[in-house]
Amino acid sequence: MLKSKTRLASANQKEADICLLLEGTYPYTMGGVSTWTHELIQMQKHLTFSIVAIISADTPAKLAYKLPDNVISMQTLRLQGMPKGVASLPANKEAELFSALEKSLLRLQSKADLKDLAKIIHAIVPYRHKLGKRLLFDSYATWQMLLHMYKDTMPKTSFLDYFWSWRGLFGGLFSILLAELPKAKAYHALCTGYAGLLLARAHIETGRPCVLTEHGIYTNERRIEIASAHWLDDPDNFNLTITAKQDRELKDFWIDTFGNYSRLCYEACSRIITLYEGNQEFQRMDGADCTKMTVIPNGIDTVRYGAIKRIPHAPAVALIGRVVPIKDIKSYIKSVHILRQSLPDIRAYMIGPEDEDPEYAKECRELVEHLQLGQSFIFTGKVNTEEYLGMIDVIVLSSISEAQPLVILEAGAAGIPTVATDVGACREMIMGTADANLQEPKLRAGGMVVPLSNPRSIANAVFKLLTKPDYYRQCSEAIVERVCRYYNKSDQYKAYATLYRQLTGAGEDSALAVPEKVEIQESRKEKKETLNSLFPTSLAVLDPVTSVG
């Protein structure tokens with residue numbers, strides 16, 4: 001088991017087949033993306049992996065997973081974690097450096113492309129082992145650059161807030177650009193953001209193939225966080241004037257910068273993967289090239305979950321997930337209250353941990369008590385869900401936001417229909433994708449899709465499933481067939497095995513030869529030609545069984 005201490009790449013470090021770039025997840029945090037990554041590495045035992053785990057300055061570097069034997073190096077990259085570096089450079093060199101940085105950093109606030117990032121890298125490369133916090137953050141030259149950028153872009157906003165926003169955003173950028181980059185035949189990021197920025201850097205510096213798998217859409221998540229960040233609020237937003245506000249605000253500064261990081265990542269990729277069709281529209285809006293996009297859905301062990309035996313029981317529903325606001329547990333509780341009026345024997349389970357947001361969990365328990373649900377509503381805490389699936393008739397997901405919830409697939413393989421809100425991939429999983437619905441034989445719905453925050457709609461859907469045996473049987477059979485046909489875990493890993501074979505140039509069916517290294521010192525014309533011709537517009541077609549989109 002590798003220690004959590006950072007192991008930097010060096011000139012004699014062994015080259016990995018795949019370098020995985022992650023932010024805030026594996027191997028330090030438990031969760032869906034982390035488990036997905038861990039299983040991906042385990043299933044590709046014929047390949048070697050390097051890992052770059054990007055974490056915040058205050059995140060404990062304690063491994064949550066035992067790294068598989070085919071992980072040959074692990075690097076922890078802390079945002080804002082720059083070395084001290086030198087305090088100055090020779091006057092002419094320092095002036096050249098900051099002139100190049102200022103122009104390109106300004107572009108990162110508007111419509112940046114890989115040429116702009118390449119210019120920053122070109123400016124930094126000669127001094128990479130000398131640069132650090134003292135020159136890039138605490139020097140007079142940085143102060144002057146920051147003032148110029150402030151006056152050029154946001155002169156009417158609070159300078160103090162701009163100052164700290166600048167340091168927060170570009171401190172992360174400099175951390176990414178100054179870190180050592182592991183050697184690999186191909187690079188694979190699991191999100192855009194800072195991991196995607198590092199992917200774009202790898203593309204420019206090494207010329208090796210780069211791919212992205214997005215579970216959720218990083219920029220959407222950041223937009224939600226930034227929109228709710230009260231410290232970024234402009235007091236002028238709360239006036240009662242009719243005239244629309246035209247000036248850029250600090251929130252625009254943050255959102256535009258992260259939007260540009262996504263654009264750079266998309267431009268650097270030879271393949272842009274997501275879990276379901278719905279995400280692709282967001283990717284296109286953020287600048288992704290449609291010819292690079294594909295869908296590889298998550299999969300489950302259909303044999304394992306299909307073998308779960310049903311146990312005789314009273315009518316029962318369950319929500320499987322964390323007790324947190326984004327799951328909207330309160331709507332689920334209210335729907336159970338409505339159901340009891342028609343089905344007094346109904347039993348409801350809340351299966352999942354309550355420790356992430358104890359205050360919200362307390363409110364949910366108080367709501368159960370207030371609605372006098374008594375022993376008919378059971379909080380199980382964190383348990384083995386497979387032990388409960390045999391005595392559940394309907395799964396409910398009342399979430400405000402989801403990606404591709406595996407619980408729909410796991411329950412579906414066991415023949416349990418789902419009632420879910422219309423978020424993430426839920427509609428595709430229950431009703432089928434557009435392409436799948438064109439195939440014969442057509443599959444019926446595997447449950448029902450309902451509006452957000454609507455307990456009565458949830459209750460009506462569950463009531464229909466529990467009181468109409470023929471309809472329930474149709475939904476049960478359809479979801480079993482859909483899961484087995486499109487969401488088998490072996491198909492998922494086969495798709496990635498094919499993709500990695502293409503990227504690394506291994507095997508007779510390789511679609512990509514490993515390109516020559518991109519030289520940072522290329523002329524502007526040479527750089528443009530190299531970036532445009534580095535990859536074909538698309539990889540060879542994936543195994544048709546695994547490419548659903």
Side-chain angles (χ1 to χ4, degrees), residues 31-33 215-216 275-279 297-298 300 305 315-339 346-354 356-357 360-361 364 367-368 377-380 382-383 385-386 388-389 391-433 445-466 472 475-476 478-480 482-483 486-487:
V33 174
H215 292 247
L275 306 184
Y276 62 99
E277 290 176 348
N279 267 351
N298 279 340
I300 64 160
Y305 285 94
V317 297
L319 191 156
I320 300 175
R322 297 165 293 137
V323 183
V324 291
I326 202 167
K327 301 294 184 182
D328 194 10
I329 308 301
K330 293 179 182 179
S331 284
Y332 170 56
I333 295 171
K334 292 174 184 176
S335 74
V336 174
H337 174 65
I338 296 170
L339 270 170
I346 188 78
R347 174 158 291 197
Y349 296 94
M350 177 60 243
I351 301 174
E354 303 176 43
E356 186 171 330
D357 192 333
Y360 183 76
C364 290
L367 180 60
V368 168
F377 196 103
I378 301 167
F379 289 86
T380 69
K382 186 177 180 180
V383 296
T385 57
E386 293 178 49
Y388 283 80
L389 287 178
M391 50 187 180
I392 293 169
D393 297 298
V394 179
I395 292 293
V396 173
L397 281 181
S398 49
S399 304
I400 297 169
S401 177
E402 285 285 357
Q404 191 188 51
L406 290 178
V407 64
I408 294 179
L409 304 180
E410 293 166 350
I416 305 170
T418 294
V419 171
T421 45
D422 196 1
V423 293
C426 293
R427 178 174 289 276
E428 288 185 14
M429 298 162 82
I430 294 172
M431 311 300 291
T433 65
M448 300 181 72
V449 180
V450 297
L452 273 67
S453 304
N454 195 323
R456 185 161 294 279
S457 292
I458 296 172
N460 289 342
V462 173
F463 181 80
K464 181 178 180 179
L465 282 164
L466 292 180
Y472 183 94
C475 290
S476 175
I479 195 64
V480 169
R482 182 169 288 115
V483 171
Y486 300 115
Y487 298 100

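Quantities reported herein were computed from a predicted structural model and do not represent experimental measurements.
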Nearest heavy-atom neighbours spanning [X] and [Y]:
| X | Y | result |
| --- | --- | --- |
| Tyr360 | Ile329 | OH-N, 3.1 Å |
| Ile400 | Leu452 | O-CD2, 3.9 Å |
| Ala478 | Ala445 | CB-O, 3.5 Å |
| Ile395 | Ile392 | CD1-CG2, 4.1 Å |
| Tyr349 | Thr380 | CD2-CG2, 4.1 Å |
| Leu319 | Val396 | CG-O, 3.2 Å |

Full working for side-chain contact (heavy atoms from CB on, under 4.5 Å) between Ser335 and Val462 | CA-CA 9 Å; Ser335 74; Val462 173; over 6 Å; no
Minimum side-chain heavy-atom gap [X]-[Y] below 4.5 Å:
| X | Y | value |
| --- | --- | --- |
| Ile346 | Leu466 | yes |
| Asn279 | Gln404 | no |
| Leu397 | Val423 | no |
| Leu389 | Ile416 | yes |
| Tyr305 | Val483 | no |
| Pro405 | Met429 | yes |
| Thr433 | Tyr486 | no |
| Val368 | Phe379 | yes |

Spacing of [X] atom [atom1] and [Y] atom [atom2] [to the nearest 0.5 Å]:
| X | Y | atom1 | atom2 | value |
| --- | --- | --- | --- | --- |
| Glu428 | Arg482 | CD | CZ | 10.5 Å |
| Ile320 | Met350 | CD1 | CE | 8.5 Å |
| Met448 | Cys475 | CE | SG | 7.5 Å |
| Glu410 | Thr418 | CD | OG1 | 10.5 Å |
| Tyr487 | Ile408 | OH | CD1 | 9.0 Å |
| Leu339 | Ile458 | CG | CD1 | 9.5 Å |

Within the side chain of Ser331, is there an N or O that forms a donor-acceptor pair under 3.5 Å with the backbone of Ser453?
-> no
Asp393 side chain vs Ala316 backbone, donor-acceptor pair below 3.5 Å | yes
Derivation of the side-chain contact (heavy atoms from CB on, under 4.5 Å) call for Leu406 and Asn298 | CA-CA 8 Å; Leu406 290 178; Asn298 279 340; 3.8 Å; yes
Determine, for Glu402 against Lys327, whether the closest basic-nitrogen to carboxylate-oxygen distance falls under 4.0 angstrom.
-> yes
